[in-house]
Structure formats: structure tokens, C-alpha cells
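The next block holds one structure in the form of C-alpha cells; read it before the comments.
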Amino acid sequence: AQSVSQHNHHVILSEAASLELGCNYSYGGTVNLFWYVQYPGQHLQLLLKYFSGDPLVKGIKGFEAEFIKSKFSFNLRKPSVQWSDTAEYFCAVNGNDYKLSFGAGTTVTVRA
Amino acid sequence: ETGVTQSPTHLIKTRGQQVTLRCSSQSGHNTVSWYQQALGQGPQFIFQYYREEENGRGNFPPRFSGLQFPNYSSELNVNALELDDSALYLCASSLAYTGTGYGYTFGSGTRLTVV
């Protein structure tokens with residue numbers, strides 16, 4: 001069975017600071033990897049996804065993530081956060097099946 | 001392009017009752033899956049429907065059931081509600097069988113409270 005672990009439950013930082021959220025997964029086969037964001041009161045939105053190819057993936061709103069196969073990791077980064085990045089962030093994985101397995105989420109609070 | 005719409009947005013039910021939640025998938029999507037998101041947790045996969053048949057199920061009891069209609073809309077039914085069923089229920093649609101290459105589009109969810 002696949003599982004996803006997100007390292008931080010809550011991250012608080014100031015505007016313009018850099019952000020990195022950790023994500024590790026457990027799965028024996030080929031995986032597809034996703035980061036979703038959930039702004040307060042809104043639905044889950046796809047930030048970026050990795051299926052194959054370049055392990056450095058660029059997403060929307062200046063986010064990027066790096067897939068490191070040897071470490072089973074897919075960490076999310078943003079060089080300079082804004083107040084509007086305050087949200088909950090979920091890492092998710094699926095293998096050659098139909099379901100997404102989500103991590104518990106990381107709440108990011110950006111202080112102006 | 002319409003997104004995924006879910007109804008109702010909020011619902012309060014009494015323990016032991018039955019509930020039906022509805023989902024209209026994004027235009028052109030033929031696969032619908034349902035997730036339960038308890039407070040402070042990530043979404044948990046309930047099941048998926050493809051071409052009107054359930055083709056995958058997570059670790060949920062049989063009192064969680066569903067339907068997919070020819071227009072790809074879907075229902076989630078929960079019988080004999082328990083207090084622990086209180087959660088946000090998310091519907092996600094995708095074009096391909098596993099979402100590969102396309103990803104999943106999520107609705108805003110239905111907040112179910114069981115009292």
C-alpha cells in the first residue's frame with residue numbers, strides 16, 4: 001500500500017521568505033506525484049504534478065518541486081512567499097491504480 | 001469549461017440517518033472519485049466510478065455506496081450515519097482512468113455534520 005508523509009504540520013514565515021515543504025512517499029512501483037493547495041474556504045487546486053521526465057517540475061504561482069527517486073521525496077519550494085500563499089498544502093501520490101493517497105497536509109501561514 | 005460542482009455545501013444529519021451527496025463532474029471527464037477529509041487530515045479515498053461502475057474502493061465499509069450516471073455525474077450514499085462520518089466529502093473528476101496525464105479536478109466539497 002502506498003503512503004505519504006509530510007514533515008511539517010504547520011509552518012509560519014514572513015513575506016519574502018523562502019518556503020520548502022517536505023514530502024516522502026512509500027510505494028514500490030512507478031508513481032505519479034502531485035502537490036495540491038487548499039486556500040481558506042476554497043477547493044483543492046493542483047499546484048504541480050510529476051509523471052516522468054525532468055525531475056524538477058515548475059507549477060503555478062512560482063512553485064516548483066523536485067522528485068528525488070532515491071530518497072522517495074517530492075519536496076515543494078517557493079523562493080519568496082507572499083501573504084496570499086497562506087493555505088494548506090497537500091502532497092499526493094498515485095501508482096498504477098486509481099486512487100490518490102494524500103499526506104496529512106501542511107498549514108502555511110505567511111505573516112505580512 | 002465548468003469545474004466540479006457538489007451539492008449541498010453543508011448538511012446536518014442525525015446519527016442513524018441516511019444521506020446522499022451529489023457531484024457533477026467537469027465537462028468531458030468520465031471518471032469520478034470520492035474522498036473523505038476529516039478535520040486536520042488529508043483526504044482519504046472512498047471509491048471511484050468509471051463508465052458507471054465502481055472500479056476501486058478504499059478502506060470504507062459497505063454502508064458507503066455510490067452511483068455514476070450516464071452523464072458522468074455521481075452520488076455518494078451513506079447509510080446508518082455515525083458521528084465519525086462527520087467530515088468534508090470531496091468529489092474529484094478526471095478524464096483518464098487513473099488521472100495520469102490529466103490530474104484530478106476537485107469540487108469544493110460537502111461539509112457533513114452528524115449529531
Side-chain angles (χ1 to χ4, degrees), chain A residues 1-10 21-27 29-53 57 59-60 63 65 74 76 87-107, chain B residues 2-7 9-10 23-26 29-51 53-60 66 68 87-111:
Chain A
Q2 57 211 34
S3 65
V4 180
S5 174
Q6 292 186 238
H7 306 162
N8 311 97
H9 180 64
H10 194 180
L21 302 181
C23 172
N24 285 92
Y25 65 92
S26 171
Y27 185 72
T30 303
V31 293
N32 304 307
L33 299 154
F34 306 80
W35 274 98
Y36 282 88
V37 61
Q38 192 170 33
Y39 298 103
Q42 296 189 26
H43 61 277
L44 281 168
Q45 298 175 39
L46 181 66
L47 270 180
L48 47 79
K49 59 190 177 190
Y50 172 80
F51 294 136
S52 63
V57 181
I60 61 171
F63 285 91
F74 190 56
L76 180 71
E88 187 144 20
Y89 293 80
F90 293 96
C91 180
V93 168
N94 78 349
N96 293 324
D97 59 8
Y98 34 77
K99 68 175 185 179
L100 279 172
S101 294
F102 285 85
T106 298
T107 302
Chain B
T2 59
V4 175
T5 57
Q6 293 186 242
S7 62
T9 54
H10 294 83
C23 171
S24 294
S25 59
Q26 180 169 314
H29 283 187
N30 57 11
T31 303
V32 173
S33 49
W34 287 90
Y35 291 79
Q36 181 195 66
Q37 186 178 10
L39 205 59
Q41 297 182 25
Q44 299 292 314
F45 175 77
I46 303 174
F47 44 54
Q48 175 170 285
Y49 278 81
Y50 174 67
R51 294 184 175 177
E53 291 193 5
E54 182 184 302
N55 70 347
R57 190 176 185 92
N59 190 25
F60 281 81
Q68 186 182 31
L88 181 67
Y89 288 85
L90 298 169
C91 173
S93 72
S94 62
L95 175 59
Y97 184 86
T98 65
T100 300
Y102 302 98
Y104 301 80
T105 302
F106 281 84
S108 298
T110 294
R111 173 73 61 188

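Side-chain atoms are counted along with the backbone in the values below, which use heavy atoms only and exclude waters and symmetry mates. The structure displayed is predicted, hence computed values, not measured ones. Within every chain, numbering begins at 1; the chains are lettered A, B, ... in the order of the sequence lines, protein sequences first and strands thereafter.
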| field | Top of B:Gly56, B:Ser33, B:Pro43 for chain A proximity - count of heavy-atom pairs under 4.5 angstrom | value | B:Pro43
| Contact part of A:Gln38 toward chain B, heavy-atom cut-off under 4.5 Å: side chain, backbone, both or neither? | side chain
| request: Could you tell me which residues satisfy ring pair (Phe, Tyr, Trp, His ring centres under 6.0 Å) with A:Tyr39, sequence neighbours excluded, listed by chain and number? | output: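 Ring pair (Phe, Tyr, Trp, His ring centres under 6.0 Å) list for A:Tyr39, sorted by chain: empty.
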| remark: Residue set satisfying ring pair (Phe, Tyr, Trp, His ring centres under 6.0 Å) with B:Tyr89, at least two apart, ordered chain then number -> none
| More than 12 heavy atoms of other residues, nucleotides or ligands under 6.0 Å from NE2 of A:His10: is that the case? | yes
| Is the CD1 atom of A:Ile60 crowded by more than 12 outside heavy atoms at less than 6.0 Å? | yes
| task | Pick one of side chain, backbone, both or neither for B:Gln37, based on which atoms fall under 4.5 Å of a heavy atom in chain A. | result | side chain
| said: For B:Tyr35, which atoms come within 4.5 Å of any heavy atom of chain A: side chain, backbone, both, or neither? | reply: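 Just its side chain gets close to chain A.
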| message | Let me confirm one number: the CG-CG distance from B:Leu90 to A:Leu100, rounded to the nearest 0.5 Å. | response |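 Reported to 0.5 Å precision, the distance equals 11.5 Å.
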| field | Straight-line distance of A:His43 NE2 to B:Thr105 OG1, nearest 0.5 Å | value |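 Rounded to the nearest 0.5 Å, the NE2-OG1 separation comes to 8.0 Å.
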| Does any non-hydrogen side-chain atom of B:Tyr104 lie less than 4.5 Å from one of A:Asn94? |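 Yes, their side chains come closer than 4.5 Å.
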